[in-house]
Chemist: 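Starting off with a structure, shown below.
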Amino acid sequence: MDPAAALLDTPGQLTAHRVHNILRKHNGGPLELERILKELGDAQTANSTLEEEQLLEALLRDDRLRSARGYRQRFSMSGRSVRLRPPGNKAEQVIEQENEQVKKQLLDQLREVPPEVFEHIVAALFTAMKYEEAVVTRHSRDGGVDVHATLVGGGVMTVPASIQVKRWTKPVTVKEVRELRGTLPPGTQGIIVTTGKYTKDAPREALSDRLTPIHLIDGRLLADLLTEHGIGVQGPRASRSFPST
């Protein structure tokens, strides 16, 4: 797997979160793996060379991690198709509804914290996702980058990452994607994290052929990741205790 695909398949399971959103758009599925890969590619949210077996492993790994953290598994796989696993009983349905409310509250809180606090929250998240040396940059020297981190794959491959965070309600556009790409040293992956959304053409620009890929995390995915890794939440309620600066 090349560095771009590896970045999407960190223990944070960005690929699995994106598959989850695709299945939600299709009423939970089922969808064939080939169809899911096509939609990932069409949306430019995953590397086009991602194979079916790699996708399956990403989803299985996501289920294992969620089970280990006490979360309900969200995928049901049969043959070469995948669907969302429905809540098994009324109690699980209530928990799912509470989780959605927690994520909404968490995003609302994130939009109100000072920018420097938000940067430290994102650094804490990437540390929880097993990135190494996730540190907030000095603003006078960051060149538009807010957090630097390093992904180490299998103890062998090292991929430096430059992360730009945006505590926005307005959409992130192609302009911001291009600006981040222009600051990246050779061999460095770019990531934009926003509390909002992206314009329709921003994901397409982010992973354009022959250009350094920029990986995008929107507000919904950010809330999913923070909740899953226990950052800014305690049990079923949103916590107001964020990492200090």
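Computed over heavy atoms, backbone and side chain alike; hydrogens, waters and symmetry mates excluded. FYI, the numbering just counts along the sequence from 1.
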Chemist: Does NZ in K166 sit with more than 12 non-hydrogen atoms of other residues, nucleotides or ligands closer than 6.0 Å?
Modeler: yes
Chemist: Please determine whether side-chain contact (heavy atoms from CB on, under 4.5 Å) holds for the pair D63 and M77, giving the CA-CA distance in whole Å, both sets of side-chain angles, and the decisive distance to 0.1 Å.
Modeler: CA-CA 11 Å; D63 276 349; M77 285 157 269; 3.8 Å; yes
Chemist: If every non-hydrogen atom of A134 is compared with every non-hydrogen atom of T127, which pair is closest and at what distance?
Modeler: CB-OG1, 3.4 Å
Chemist: Would you indicate whether the side-chain heavy atoms of L180 and V145 approach each other to under 4.5 Å?
Modeler: yes
Chemist: Are the side chain of T195 and the backbone N or O of L107 linked by a donor-acceptor pair below 3.5 Å?
Modeler: no
Chemist: Of all the heavy-atom pairs spanning A161 and I191, show the shortest one and how long it is.
Modeler: CB-CD1, 4.1 Å
Chemist: Does one hydrophobic cluster hold both I22 and L60, with members joined at side-chain heavy-atom distances below 4.5 Å?
Modeler: yes
Chemist: L222 and L110: side-chain contact (heavy atoms from CB on, under 4.5 Å), yes or no, with the steps?
Modeler: CA-CA 10 Å; L222 175 61; L110 289 173; 4.0 Å; yes
Chemist: Run I163 and F126 through side-chain contact (heavy atoms from CB on, under 4.5 Å) and show every step you take.
Modeler: CA-CA 10 Å; I163 305 162; F126 276 81; 3.8 Å; yes
Chemist: How many angstroms lie between CZ in F118 and OG1 in T194, if you round to the nearest 0.5 Å?
Modeler: 7.0 Å
Chemist: In Å and rounded to the nearest 0.5 Å, what is the CG to CZ distance from L56 to R80?
Modeler: 5.5 Å
Chemist: Might you confirm whether atom CD of Q73 has over 12 heavy atoms from other residues, nucleotides or ligands at distances under 6.0 Å?
Modeler: yes
Chemist: Please name the pair of heavy atoms, one in K103 and one in T227, separated by the smallest distance, quoted to 0.1 Å.
Modeler: CG-OG1, 3.5 Å
Chemist: Is any side-chain heavy atom of V136 closer than 4.5 Å to a side-chain heavy atom of E116?
Modeler: no
Chemist: Is the side chain of Y198 donor-acceptor paired with the backbone N or O of I217 at a distance under 3.5 Å, no angle test?
Modeler: yes
Chemist: Just how far is it from atom CD of E205 to atom NZ of K175, taken to the nearest 0.5 Å?
Modeler: 13.0 Å
Chemist: Under 3.5 Å, side chain of D62 to main-chain N/O of A16, donor-acceptor pair present?
Modeler: no
Chemist: Side-chain heavy atoms under 4.5 angstrom apart, residues restricted to Ile, Leu, Val, Met, Phe, Trp, Tyr: same cluster for V174 and L216?
Modeler: no
Chemist: Does this structure show an ion pair linking R64 with E57, if we count only N-O contacts that are shorter than 4.0 Å?
Modeler: yes
Chemist: How long is the straight-line distance from CZ of F75 back to CG of L84, given to the nearest 0.5 Å?
Modeler: 6.5 Å
Chemist: If you take all heavy atoms of T199 and T173, which pair is closest and at what distance?
Modeler: OG1-CA, 3.6 Å
Chemist: What pair of heavy atoms forms the shortest contact from P213 to Q189, and how long is it?
Modeler: CG-OE1, 3.1 Å
Chemist: If Ile, Leu, Val, Met, Phe, Trp and Tyr residues are connected whenever their side-chain heavy atoms lie under 4.5 Å apart, and connections chain through other members, are L225 and V117 in the same group?
Modeler: yes
Chemist: Test of understanding: clusters of I, L, V, M, F, W, Y form through side-chain heavy atoms closer than 4.5 Å, transitively. Do I192 and W168 belong to the same one?
Modeler: yes
Chemist: Which pairs with one or both residues in residues 25-36 pass side-chain hydrogen bond (donor to acceptor under 3.5 Å, both in side chains), sequence neighbours excluded?
Modeler: H26-E39, R35-E39
Chemist: Hey, does H148 have a side-chain heavy atom less than 4.5 Å from the side chain of S162?
Modeler: yes
Chemist: Any chance you could measure R178, atom CZ, to E176, atom CD, to the nearest 0.5 Å?
Modeler: 11.0 Å
Chemist: Please check this pair: side chain of R181 against backbone of A206, looking for a donor-acceptor N/O pair closer than 3.5 Å.
Modeler: yes
Chemist: Which value, rounded to the nearest 0.5 Å, describes the distance between E132 atom CD and T158 atom OG1?
Modeler: 7.5 Å
Chemist: V19 and L31: side-chain contact (heavy atoms from CB on, under 4.5 Å), yes or no, with the steps?
Modeler: CA-CA 10 Å; V19 171; L31 290 181; over 6 Å; no
